[in-house]
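The figures here come from the full heavy-atom set of this structure, side chains too, leaving out hydrogens, waters and symmetry mates. Note on naming: letters A, B, ... go to the chains in the order of the sequence lines (proteins, then strands), and numbering restarts at 1 for each one.
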2 protein chains.
Amino acid sequence: MSRATLRDVAKLAGVSVATASKALNGQPQVRAETRERVVRAAEQLSFSPNTLAQGLITQRSGTVGLLTSDLEGRFSIPILMGAEDAFGSDQTSVFLCDARGDTIREKHHLRALLSRRVDGLIVVGARPDSRPSLGELPIPVVYAYAPSDDPGDISLVTDNVGGGRTAVDHLIRCGRRRIAHITGDPGYSAAQDRARGALDRLAEEGLELSGGEVWFGMWSEAWGRGATRMLLDRDPGVDAIFAGSDEIARGVLDVLHEERIDVPSQVAVIGFDNWSVLAANSRPPLTTIDLNLEQLGRIAAQRLSAAMEGHPASGVETFPVRLITRESTAPLR
Amino acid sequence: MSRATLRDVAKLAGVSVATASKALNGQPQVRAETRERVVRAAEQLSFSPNTLAQGLITQRSGTVGLLTSDLEGRFSIPILMGAEDAFGSDQTSVFLCDARGDTIREKHHLRALLSRRVDGLIVVGARPDSRPSLGELPIPVVYAYAPSDDPGDISLVTDNVGGGRTAVDHLIRCGRRRIAHITGDPGYSAAQDRARGALDRLAEEGLELSGGEVWFGMWSEAWGRGATRMLLDRDPGVDAIFAGSDEIARGVLDVLHEERIDVPSQVAVIGFDNWSVLAANSRPPLTTIDLNLEQLGRIAAQRLSAAMEGHPASGVETFPVRLITRESTAPLR
DNA sequence: GGATCGTCCGAAAACCTTTTCGAATGCGTA
DNA sequence: TACGCATTCGAAAAGGTTTTCGGACGATCC
């Protein structure tokens, strides 16, 4: 199976290439009967137009680059999927590049993408902290998840403060009053922001944090277990725990279970990320905060399309997160 | 920042486009001094060649397609990463397409990729069962993880039978004699193959399966928990459990812990997949089988490159898996 | 001094498609 | 019959690069 060119189609249909092109592209200046002949010829040869040649003329490659830093991470994938299906697959294809967190590899990929004449670029960071801007480029760029440090760029991020607030709000609505917060690495803005949202909401209610402080540590189950033990020592009367990630929440659940403390009747637990393999299969299944990353990806694609159409934007847009209710939280009876 | 063309470079250097091209591509028929001038001009204009135009001439786009069916799944990502870094990023870029398990979407993507003149295609299935061949295409195709049903295609799969054998072998070497196997959906060839490998190795040793049968069920923690309870009922003396996935293994560990049965001193547990978020953070960390998927991706890229260079191959190649020893298994004292 | 040769460079074709513009045809009208 | 007009088609240029081939030039040799 080899590739037919438009010339082959034209020859088979007995017309010129120009006419063949117009016939296939729905241009009006071609008789219906002629068009029909061309279309049949194209089908017969299973012709498909060479997008490279088209791109050369139209100055549009119909491709975008997606530059990520953590493919194996769980954040870039949903964004990528959202972006992929916001661009109709017929119109735009996406080049995937993983820089593995390495700046020179990133530069390398960037060169390659520019040379491929991508029409735009989505940059997905590995963590929500801001990252260096790529600077001025001949094509539009949208930063997703991790914002650019240049406010002139377009950045799309999730609302971690709002997420922390939502989590605590949910616990309060469940009638909990002694709420603790166990979270990950304090060097992550995600940890700081979620904690801030939580504290804000507590303050509104006139509540103090159970345990007296935010338990910063690591994004791991082990830390969730360790922190929970310390917390139970310090405040045995705790009635809810907001975990900064689902991994941490798993550790929390594990220790509570071990201590024969019932979830949710004695202590409610809420996670963060809605990483479903962890959250949906725990005992009990975990109430958590979903980051809406697919949506973030879709919007990134839309913003990029708009910019490519000549409607640029700038600044950081923050997108709301979503509460996913499962069985690890419930109203106090 | 706009894009300079080769003509601009040539003009600035005071040579013809032909010479400029040769100078930049290291062709010998150009004086060193001239070449130098051209190179400087190119740098000054930050020229980067238009790959579309190059592809038009060389009949090589320098791109490959990666057609997957489960991006969110954990299998395609490592393969993708392996493939991505086996193709040097300077040479080849990869188009990522997720068909979401939908045949017509797959056809759609395929059309788009062919129209983009990709030089080759890697097809990554969602599960190790064989999948329909894409049929005759003008470019080489490599099937990874899920083999094609056409033996004329190139397929690369992991050795599930060997994995089952390795797992049981490891347990036997730990001195275990009453080994059970809890695994997932019997409709998956992965479940069948792993079980077969396990049974083969047991038979060699003259051992029977503890519990009397393979516990097929679902790929979930919940099933791991349920099956373990039934197993403990039927054979309280079991001293090792081979779980068909890390998720199942987590469920197994959970129930053993609840029953105050120590792992590994009383019962050893081994998982499958080395899904690190589950395996590395469990209590105790899980010995498991790694599928070497990055390697599979790298080899897929190599096979594809070879085929693109005119060295095609065919048939199903099976790749070995790797035992990852952590703390959930240990020799009986 | 003329022939031969090697070195370096440029003109032009090629890749495949789109688009512009002019030509041809047929028709109706004066 | 001559003209204008609408319709349909084709020739050709354009997009950016690579590659072939021939030309110019200086040097070497008899």
Side-chain angles (χ1 to χ4, degrees), chain A residues 2-39 41-42 45-63 91 111-112 114-119 138-139, chain B residues 2-39 41-42 45-63 91 111-112 114-119 138-139:
Chain A
S2 84
R3 325 178 188 213
T5 135
L6 189 56
R7 207 166 52 212
D8 303 331
V9 175
K11 197 185 302 175
L12 181 57
V15 299
S16 74
V17 261
T19 309
S21 169
K22 284 179 282 198
L24 294 176
N25 293 327
Q27 297 283 350
Q29 336 121 349
V30 40
R31 205 165 20 149
E33 188 264 340
T34 310
R35 182 188 312 275
E36 172 69 16
R37 233 170 45 235
V38 173
V39 168
L45 300 175
S46 69
F47 167 77
S48 90
N50 185 326
T51 317
L52 279 61
Q54 289 179 324
L56 205 51
I57 300 183
T58 59
Q59 305 286 44
R60 277 282 182 107
S61 64
T63 61
Q91 304 297 344
R111 276 193 73 82
L114 290 176
S115 164
R116 295 232 131 79
R117 294 301 187 268
V118 292
D119 299 328
I139 50 169
Chain B
S2 84
R3 325 176 189 213
T5 130
L6 188 57
R7 206 160 58 208
D8 304 330
V9 174
K11 197 184 301 176
L12 181 58
V15 298
S16 72
V17 259
T19 309
S21 169
K22 283 178 282 197
L24 294 176
N25 293 326
Q27 297 282 350
Q29 334 121 355
V30 39
R31 207 165 19 150
E33 188 264 341
T34 310
R35 181 189 311 276
E36 172 68 15
R37 235 172 42 238
V38 173
V39 168
L45 300 175
S46 69
F47 167 77
S48 89
N50 185 326
T51 317
L52 280 62
Q54 289 179 323
L56 206 51
I57 299 184
T58 59
Q59 306 285 45
R60 277 285 181 105
S61 64
T63 61
Q91 304 298 343
R111 276 194 73 82
L114 289 177
S115 162
R116 294 232 130 79
R117 294 301 188 266
V118 292
D119 298 328
I139 49 169

Is there a side-chain contact between Thr19(B) and Arg37(B), using heavy atoms and a 4.5 Å cut-off? no

Spacing of Arg60(B) atom CZ relative to dC16(C) atom P, expressed in whole Å: 15 Å

Whole-Å distance between dT18(C) P and Leu24(A) CG? 8 Å

For Leu6(A) and Gln29(A), find the nucleotide of DNA chain C closest to each by heavy atoms; which residue's nucleotide sits nearer the 5' end? Leu6(A)

Tell me: NZ of Lys11(B) to P of dG16(D), nearest whole Å? 12 Å

Value rounded to 0.5 Å, distance of CD in Gln54(A) from CD1 in Ile57(A): 8.0 Å

Nearest whole angstrom, please: distance from the C1' of dT17(D) to the CZ of Arg117(B). 18 Å

At under 4.0 Å between heavy atoms, what does Thr34(A) touch on the DNA or RNA strands: base, sugar-phosphate, or nothing? sugar-phosphate

Would you indicate what Ser21(B) reaches in the nucleic acid, counting non-hydrogen atoms under 4.0 angstrom: base, sugar-phosphate, or nothing? base

How close do Ser115(A) and Ser48(B) get, heavy atom to heavy atom, and via which atoms? CA-OG, 3.8 Å

Value in whole Å for how far the P atom of dT18(C) lies from CG of Leu52(A): 13 Å

For the pair made of CG in Leu56(A) and P in dT17(D), what is the distance, rounded to whole Å? 9 Å

With respect to the side chain of Thr19(A), which nucleotide from dC9(D), dC15(C), dT19(C) is positioned closest? dC9(D)

Which nucleotide in the set dG15(D), dA11(D), dT17(D) lies at the smallest distance from any side-chain heavy atom of Ala53(A)? dG15(D)

Taking for each residue the nucleotide of DNA chain C with the nearest heavy atom, is it Asn25(A) or Val17(B) whose nucleotide lies nearer the 5' end? Val17(B)

Nearest heavy atom decides the nucleotide; on that basis, is Gln27(B) or Lys22(A) closer to the 5' end of DNA chain D? Lys22(A)

With a 4.0 Å cutoff (strictly under), does any side-chain N or O of Gln54(A) reach OP1 or OP2 of dC16(C)? no

Measure the OG1-CG distance between Thr5(A) and Asn50(A) for me, rounded to the nearest 0.5 Å. 8.5 Å

Taking only the side-chain heavy atoms of Asn50(A) (C-beta and beyond), determine which of dA11(C), dC16(C), dG15(D) contains the nearest atom. dC16(C)

Spacing between Arg31(A) atom CZ and dT7(D) atom C1', to the nearest angstrom: 10 Å

Taking 4.0 Å as the cut-off, does a side-chain nitrogen or oxygen of Gln59(B) come that near to OP1 or OP2 on dC16(C)? yes

Heavy-atom neighbours of Arg60(A) CZ exceed 12 at 6.0 Å: yes

Atom CZ of Arg7(A) and atom C1' of dA11(D): how far apart are they, to the nearest Å? 14 Å

Short side-chain N/O contact from Thr5(A) to OP1 or OP2 of dT17(C), under 4.0 Å: yes

